[in-house]
Amino acid sequence: MTTPTTRLYNTLTRRIEPLVPIQPGKVSMYVCGPTVQDVAHAGHGRTYTTFDVLRRYLTVRGFAVTYVRNITDVDDKILAKSREAGEPPLEYSRRIAKIHAEDYAALGLAIPEHEPRVSEHIPDILEIIERLIERGHAYVAETPKGQDVYFAVRSFAPYGKLSHREINDLLSGARIEVGETKRDSLDFALWKASGKDGWGWPSPWGVGRPGWHVECSAMSMKLLGEHFDIHGGGMDLIFPHHENEIAQSEAAHTPPLANLWMHGGFLQVDSEKMSKSLGNFVTIRDVLVRNDRESLRYFYLGSHYRGPLNFDVEKRDDGRIVFPGVDEAERRIEYLYAARDAATLAAADAPAAIGKALPQQAAIVREAKTRVLDALDQDLNTSVALAVLNELAKAANEIAMAVQKLRKDKAQQDAARALAAAAVHAFADACAPLGLLHSASEDFWARTKAQRLRTRNIDSVILDQKVLERTRARQEKNFARADAIRDELVALGVELLDTPETTTWRLNVG
RNA sequence: GGUGCGGUAGCCAAGUGGUUAGGCACCGGUUUGCAAAACCGGCACACGUGGGUUCAAAUCCCAUCCGCACCUCCA
């Protein structure tokens, strides 16, 4: 019997290593959240879904997880945007943060234990800056706008240890903005005077705002202490953001800041990073208008979190914009829900004992949860976890089919029914760490139906009439007429599911 | 230039020394009035390229090519 071990890739050491919590049984994690300057795009969704899965998985593994994901609500871009919108900056950022929260909820992201905002932690930020000055790691500089405070990068010897950069290699890339009076081009701002824009908080150096990096040092220390287990974010944060966080935090108190640094790969469009500046971004809302919330989550989980993931955007002949990858994921989600439904139906009146029916399917049902967790143990191998779900779904369908076929053999049928019941539980257990199949089935079918009717501008009443007309034709054995109606409906993307008595329909994805 | 991530069958995507995850597409079958869905079976001499190590490499070593990203705000 081996102890299950969580293994995760650590950017700091560049290898996959076991998670050894600072306090046994507890995991503290801090993830850099969004700067709420604009609506969240699908790339944000990917990163936060990764950490949501990490949190769920660790919880299922028995850890008491404290998850902190901050909200950056103080930032130059927010100021600029809020002015365009004619709103006070904090009102603007509060409004945008609310939209982020709604989108994340739609993606099924569990709310972190703490969602600190920069604007609510100014005193903590000031404290850490003062401490850095005392220790000789930061200095005050006079600027035309007032007094700035900078972190003296060369005063922190290990600088570069996360991004694995040589401090001297950085010189060529560093730039000095107009009006800055840094002693060294590598130094970065801890505090900047507000100047004429006037937005800021009083400090020993006059009215100003915190630099971007120091907020995370202050908030993580406040909520998780000087030393915590996991620090995460998107890959673009490795340098300079996380490098600077390490410098500030470890210069201000005893190192290390975090044991394990995790970074998610980019979502790409045509092999290029999805980003605001390239203008190739798709917002989470854009996707959720067309696709079900769970399909986007499944799409993210289909590939490993550290690798790139391409997000296809396709324009159809009729002018509709579709996301083929997410559509594909949605079909998979449908398959999973349908399989769970089949198992649920087959499990009706099931006896308690499982018996010896269907040994192959029984093994898949029995092992599903373990196999999902084993996969996630290996640096969150979500695609293997999804493969397990697909095998489970297939087994569930087989079991349901067996229940149908075993009508004449009551004992065997009961055994199959019991197995179906076990399969339903297996779905719940196997999906828990992934955060999938969250909804009641009827909700899932109702909402996808409504969404597809809406996006295609089709009235379900008309479809019902057509289907009824076809049912009559079938009853009259007028198959030519029935098939003609079916062709008509298929052209609209309607899939017909005939039984001897009736017909149900559903709209296809895409 | 420095530092990373990636290059796996028609496509998406795991695997990281030796019984080839999973999915899509495709082909045959069960089922069906015919279909769809579901299920069964098939499916591919795959591992960027060139060397090397090994009884054995997609997997280790060396070299090299291509894509992307970071080095400046960015999940």
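The sequence lines fix the lettering, A, B, ..., with proteins before strands; numbering per chain opens at 1. Just so it is clear, the model here is predicted, and its values are computed rather than measured.
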Using a 4.0 Å heavy-atom cut-off across all strands, classify N397(A) as base, sugar-phosphate, or nothing.
-> sugar-phosphate
Ignoring the backbone of K77(A), work out which of C73(B), A69(B), G33(B) is nearest its side chain.
-> C73(B)
Below 4.0 angstrom from OP1 or OP2 of C39(B), is there any side-chain N or O of Y335(A)?
-> yes
Separation between the C1' atoms of G50(B) and C65(B), rounded to whole Å = 10 Å
Sole candidate of I333(A), D327(A), L296(A) that passes side chain to side chain contact (heavy atoms under 4.5 Å, CB included) when paired with N291(A) = D327(A)
Side chain of K394(A) (C-beta onward), nearest among A37(B), C71(B), C40(B) | C40(B)
What integer number of Å spans the C1' atoms of G22(B) and A56(B)?
-> 27 Å
Base of A75(B) and ring of F266(A) stacked, centres under 5.5 Å, planes under 30° = no
Describe the nucleic acid contact of L389(A) in one word from base, sugar-phosphate, nothing, applying a heavy-atom distance below 4.0 Å.
-> nothing
Donor-acceptor pair under 3.5 Å, K273(A) side chain vs C68(B) base | no
With sequence neighbours left out, write down each residue that passes side chain to side chain contact (heavy atoms under 4.5 Å, CB included) with D341(A), or none if nothing qualifies.
-> S441(A), W445(A)
Please determine, for the side chain of H164(A), which listed nucleotide (U3(B), C5(B), A36(B)) has the closest atom?
-> U3(B)
Distance in angstrom units between I485(A) CD1 and A35(B) C1', rounded | 15 Å
For F479(A), answer base if it contacts any base atom (sugar-phosphate contacts may also be present), sugar-phosphate if it contacts only those atoms, and nothing otherwise; contact means non-hydrogen atoms under 4.0 Å.
-> base
Considering only atom P, compute the distance from A37(B) to U49(B) and round it to an integer number of Å.
-> 37 Å
Looking for any heavy atom pair under 4.0 Å, which part of the strands does K477(A) touch: base, sugar-phosphate only, or nothing?
-> nothing
Could you list the residues that satisfy salt bridge (charged side-chain N to carboxylate O under 4.0 Å, His left out) with E495(A), not counting sequence neighbours?
-> R506(A)
What distance, rounded to whole Å, do you find between the two P atoms, one in A63(B) and one in C55(B)?
-> 24 Å
Donor-acceptor list for residues 106-116 of chain A side chains, cut-off 3.5 Å, not counting sequence neighbours:
unit_1  : atom_1 : unit_2 : atom_2 : d
E113(A) : OE1    : R55(A) : NH1    : 3.2
E113(A) : OE1    : Y67(A) : N      : 2.8
E113(A) : OE2    : R55(A) : NH1    : 3.0
E115(A) : OE2    : R69(A) : NH2    : 3.2

Which residues satisfy the ring-ring contact (aromatic ring centres under 6.0 Å, His included) test with F228(A), sequence neighbours excluded?
-> H231(A)
Using the P atom on both, measure A35(B) against G23(B) and round to a whole Å.
-> 24 Å
Taking N and O atoms by type only, does the side chain of D498(A) place a donor or acceptor under 3.5 Å from a partner on the base of C34(B)?
-> yes
Here the salt bridge (charged side-chain N to carboxylate O under 4.0 Å, His left out) pairs for residues 34-50 of chain A, sequence neighbours left out, are D38(A)-K81(A), D38(A)-K276(A)
Is R470(A) touching bases, backbone alone, or none of the nucleic acid, heavy atoms closer than 4.0 Å?
-> base
List in numerical order all residues of residues 500-510 of chain A for which some heavy atom is under 4.0 Å away from an atom belonging to RNA chain B.
-> none
Table of protein N/O atoms under 3.5 Å from nucleotides 18-22 of chain B N/O atoms:
unit_1 : atom_1 : unit_2  : atom_2 : d
G22(B) : O2'    : N390(A) : ND2    : 3.4

What is the nucleic acid contact for I238(A), judged by heavy atoms within less than 4.0 Å: base, sugar-phosphate only, or nothing?
-> nothing
Tell me what R474(A) touches on the nucleic acid: a base, only sugar-phosphate, or nothing, going by heavy atoms under 4.0 Å.
-> base
With rounding to whole Å, what would you report as the distance between G7(B) and U59(B) at their C1' atoms?
-> 15 Å
Which sits closer to the 5' end of RNA chain B, L278(A) or L496(A), going by the nucleotide each is nearest to?
-> L496(A)
Is there a donor-acceptor pair closer than 3.5 Å between any side-chain N or O of R306(A) and the backbone N or O of H263(A)?
-> no
Any side chain to side chain donor-acceptor pair (under 3.5 Å) involving residues 362-372 of chain A? Give me the pairs, sequence neighbours left out, ordered by first then second residue.
-> R371(A)-E391(A)
Distance from Y300(A) atom OH to L267(A) atom CG, nearest 0.5 Å?
-> 6.0 Å
Name the closest nucleotide to the M401(A) side chain, picking from U3(B), C39(B), G33(B).
-> C39(B)
Does OP1 or OP2 of U31(B) have a side-chain N or O of K405(A) closer than 4.0 Å?
-> no
Please tell me which of the listed nucleotides, C73(B), A35(B), C71(B), lies nearest to the side chain of R486(A)?
-> A35(B)
Gap in Å between the two P atoms, one belonging to C5(B) and one to C62(B), rounded = 15 Å
Sequence neighbours excluded, the answer for ring-ring contact (aromatic ring centres under 6.0 Å, His included) partners of H41(A) is H44(A)
H41(A) near the nucleic acid: base, sugar-phosphate alone, or nothing, with a heavy-atom cut-off under 4.0 Å?
-> base
Once the angle between the rings of F323(A) and F311(A) is folded into 0 to 90°, is it parallel (under 30°), tilted (30 to 60°) or perpendicular (over 60°)?
-> tilted
Ignoring hydrogens and angles, are the base of A75(B) and the side chain of R46(A) linked by a donor-acceptor pair under 3.5 Å?
-> no
Within the side chain of R165(A), is there an N or O that forms a donor-acceptor pair under 3.5 Å with the backbone of F239(A)?
-> no
Assign G43(A) to base, sugar-phosphate, or nothing according to its heavy-atom contacts below 4.0 angstrom with the strands shown.
-> base
Assign Y9(A) to base, sugar-phosphate, or nothing according to its heavy-atom contacts below 4.0 angstrom with the strands shown.
-> sugar-phosphate
How far, in whole Å, is C47(B) from U16(B) if one measures between their C1' atoms?
-> 11 Å
